[in-house]
Amino acid sequence: MKYLFIDKNTWGYYDDELKLLGDYDSELGNIYVAKITKYDKKLDAFFIEYDKKKTGFLNNTSFTQDLKPSDEILVQMTKESIGDKYPKFTTKITIETENLKYTNGDKLTFEGKQKYKDIDDFKQKYTFTGIVGENFFKQEKAQQEKEMNFILNNLHYIETEKKFLPIPKLLYKKNPVDKIIQEENVDYLITNDKIVYRQYKEILNVKFDENYNYNYDNLISRDIIDKNSEIIKLDNNAEIVIQKTEAMWVVDVNSSQMIVGENYFHELNTKALKKIHQMMYLKKMVGMVIVDCVREGDNKKLSDFIKYEFCEPNINFHGFSNLNLLEFTVKLDK
């Protein structure tokens, strides 16, 4: 089972175990139906109310020159507030997927070398303004449609919701789960946020539960405890200890099991490394990571496991140190 959850400002992704967990409190990229409150002639710009009692700054352009106070307008945040400066907005609405970048009012642009037939078919099938990436047509047709439908469904949602009160209000939250929705076949999304529910209900199966709390989600509660713990219990009286120093992360694999056998040690190490891999994402273990596994007679089996089942483009294994410690460097997306 694969599912996403959004609990207020926390989001996560579950695929047999809790894979990702993060916070999103940024308003950058959010889309609002706003109200013009004032025009400043000296700045040639508008002040807007973009959410309840929240003020933003909108430069005057050819698209806004006829606006006046109390008019309503669709805007997207391009720069968050810094100190006493108001956040900045634009009337150019942008929604992106991996290979598509929709922007209202832009011309249609195809990047790279594209086949004429692909371009012609695209123009006949879609009314689209913005950029079509070079790799869009290299995908299967089903994935092409999935990417395009993600944008079209969001645009339809925005156009529908902007007509309803209250105004001003938030219409669309730019969310870290978007990338997962586009890349994975997620079974459902559960949320306690009504805006999130309305935003995604035409894109995938969404469950709304105003009482949902990810800390009490039975499928992930054990992983949440591990994320917040320094000592993580494994089976057979084994544990891993994860500590952060100023220079690196240090992980120690321990067992009190009175068994002497090469298979046992290897199974323990692989089980511990699977948990460490998960914690690299949940604890955001960026930088140098040193792991002290239980000693095995031959490091080749463990090296092969790490090479084929542990390492990823952003998790690099640098081999065993002179003290037989495993050395990794980790670079995670922000």
Side-chain angles (χ1 to χ4, degrees), residues 1-6 11-22 24 28-31 76 92-160 171-191 196 198-206 277 281 307-316 331-334:
M1 182 197 301
K2 297 181 181 181
Y3 73 93
L4 295 160
F5 64 84
I6 298 177
W11 67 276
Y13 172 49
Y14 176 90
D15 179 6
D16 292 330
E17 64 179 20
L18 184 60
K19 296 285 189 183
L20 297 170
L21 183 70
Y24 73 108
L28 192 65
N30 286 357
I31 298 172
Q76 186 168 29
K92 282 201 166 188
I93 304 303
T94 298
I95 300 176
E96 296 183 62
T97 62
E98 185 175 355
N99 299 295
L100 296 172
K101 183 178 181 180
Y102 165 85
T103 305
N104 62 329
D106 271 8
K107 63 181 181 179
L108 176 59
T109 303
F110 293 89
E111 290 185 333
K113 294 182 179 180
Q114 308 284 12
K115 294 179 181 177
Y116 176 79
K117 185 179 186 307
D118 288 336
I119 293 174
D120 191 52
D121 289 346
F122 185 94
K123 289 179 176 178
Q124 289 187 38
K125 190 171 184 179
Y126 302 113
T127 302
F128 185 84
T129 57
I131 299 171
V132 179
E134 185 174 3
N135 293 323
F136 179 76
F137 295 112
K138 295 178 181 178
Q139 307 174 104
E140 297 291 333
K141 291 287 185 182
Q143 186 59 32
Q144 292 178 26
E145 290 183 4
K146 186 176 182 181
E147 273 199 68
M148 181 57 76
N149 286 336
F150 179 85
I151 290 178
L152 296 179
N153 283 324
N154 273 306
L155 291 175
H156 178 263
Y157 160 77
I158 289 167
E159 282 299 311
T160 302
L171 289 177
Y172 169 89
K173 286 186 175 183
K174 189 171 182 181
N175 199 299
V177 305
D178 289 354
K179 183 176 174 61
I180 301 171
I181 291 171
Q182 295 159 31
E183 294 179 352
E184 303 289 344
N185 293 317
V186 178
D187 293 301
Y188 66 89
L189 183 154
I190 185 167
T191 184
V196 170
R198 292 198 297 268
Q199 181 175 329
Y200 290 106
K201 68 179 181 178
E202 301 300 327
I203 298 173
L204 74 165
N205 180 20
V206 184
H277 185 279
Y281 285 93
K307 179 180 178 181
Y308 296 111
E309 299 190 45
F310 188 92
C311 287
E312 297 175 354
N314 53 352
I315 301 177
N316 295 308
K331 182 179 181 181
L332 303 179
D333 294 335
K334 292 182 179 181

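FYI, the numbering just counts along the sequence from 1. Keep in mind it's a predicted model, so treat the numbers as computed, not measured. Excluded from the calculations below are hydrogen atoms, water molecules and symmetry mates; all remaining heavy atoms, backbone and side chain alike, are included.
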Rounded to the nearest 0.5 Å, the OG1 atom of Thr94 sits from the OH atom of Tyr102 at a distance of 8.5 Å
Minimal heavy-atom distance between Glu134 and Lys138, with the atoms involved, is O-CE, 4.1 Å
Side chain to side chain contact (heavy atoms under 4.5 Å, CB included) with Leu100: of Ile131, Ile151, Ile95, only one passes, and it is Ile151
Applying salt bridge (charged side-chain N to carboxylate O under 4.0 Å, His left out) to Lys173 and not counting sequence neighbours gives Asp193
Interatomic distance, CD@Glu183 vs OG1@Thr97, rounded to 0.5 Å, equals 10.0 Å
Heavy-atom neighbours of Lys123 NZ exceed 12 at 6.0 Å:
no
* With no hydrogens and no angle check, is any side-chain donor or acceptor of Gln114 less than 3.5 Å from a backbone partner on Glu111? -> yes
Between Asn99 and Glu147, do the side chains contain an N or O donor and an N or O acceptor separated by less than 3.5 Å? yes
Notebook entry, point to check: Can you check side chain to side chain contact (heavy atoms under 4.5 Å, CB included) on Asn149 and Ile203, steps first, answer last?
Noted result: CA-CA 8 Å; Asn149 286 336; Ile203 298 173; over 6 Å; no
Item to check | Tyr24 vs Trp11 side-chain heavy atoms within contact, under 4.5 Å | outcome: yes
key: From CA spacing to verdict: salt bridge (charged side-chain N to carboxylate O under 4.0 Å, His left out), Lys92, Asp106   = CA-CA 9 Å; Lys92 282 201 166 188; Asp106 271 8; 2.7 Å; yes
The salt bridge (charged side-chain N to carboxylate O under 4.0 Å, His left out) partners of Glu145 (sequence neighbours excluded) come to Lys125
Heavy atoms of Gln143 and Gln182 approach each other most closely as NE2-O, 3.0 Å
Rounded to the nearest 0.5 Å, the CD1 atom of Ile181 sits from the CG atom of Asn175 at a distance of 7.0 Å
When rounded to the nearest 0.5 Å, the distance separating CD of Glu312 from OH of Tyr281 is 3.5 Å
- [ ] For Leu152 and His156, run side chain to side chain contact (heavy atoms under 4.5 Å, CB included): C-alpha distance rounded to whole Å, both residues' side-chain angles, the deciding distance at 0.1 Å, then the answer.
- [x] CA-CA 6 Å; Leu152 296 179; His156 178 263; over 6 Å; no
Checklist entry - Any chance the side chains of Tyr200 and Asp178 put a donor and an acceptor closer than 3.5 Å? => result yes
Query raised in the report: Parallel, tilted or perpendicular for Phe128 and Phe122, by the 30°/60° rule?
Result: perpendicular
* Criterion side chain to side chain contact (heavy atoms under 4.5 Å, CB included) on Leu18 and Tyr13, from CA distance to verdict -> CA-CA 6 Å; Leu18 184 60; Tyr13 172 49; over 6 Å; no
task = Determine yes or no for a side-chain-to-main-chain donor-acceptor pair under 3.5 angstrom, with Gln139 supplying the side chain and Phe136 the backbone.
result = yes
Beyond-backbone contact of Leu189 with Val196, side-chain heavy atoms, under 4.5 angstrom = yes
To the nearest 0.5 Å, atom CG of Asn205 lies from atom CD1 of Ile190 at 10.0 Å
Ignoring hydrogens and geometry, is there a side-chain-to-backbone donor-acceptor pair from Tyr157 to Leu171 under 3.5 Å? yes
Exam field: side chain Thr129 to backbone Leu108, donor-acceptor pair closer than 3.5 Å: no
Report, as yes or no, whether the 6.0 Å neighbourhood of atom CG on Asn185 holds more than 12 heavy atoms from other residues, nucleotides or ligands. no
Just so I know, are the side chains of Phe5 and Leu21 near enough to count as touching, which here means a heavy-atom distance under 4.5 Å?
yes
CD (Gln76) and CD1 (Ile93) are apart, to the nearest 0.5 Å, by 5.0 Å
- Task: Report yes if some heavy atom in the side chain of Val186 is under 4.5 Å from a heavy atom in the side chain of Ile180; otherwise report no.
- Result: yes
Worked verdict on Lys2 versus Glu184 for salt bridge (charged side-chain N to carboxylate O under 4.0 Å, His left out): CA-CA 9 Å; Lys2 297 181 181 181; Glu184 303 289 344; 3.0 Å; yes
**Request:** Check the pair Tyr172, Asn30 against side chain to side chain contact (heavy atoms under 4.5 Å, CB included), reporting the backbone distance first and the verdict last.
**Result:** CA-CA 6 Å; Tyr172 169 89; Asn30 286 357; 5.7 Å; no
Sequence neighbours excluded, the answer for ring pair (Phe, Tyr, Trp, His ring centres under 6.0 Å) partners of Phe137 is none
(Q) Could you check whether atom NZ of Lys174 has more than 12 heavy atoms from other residues, nucleotides or ligands sitting under 6.0 Å from it? (A) no
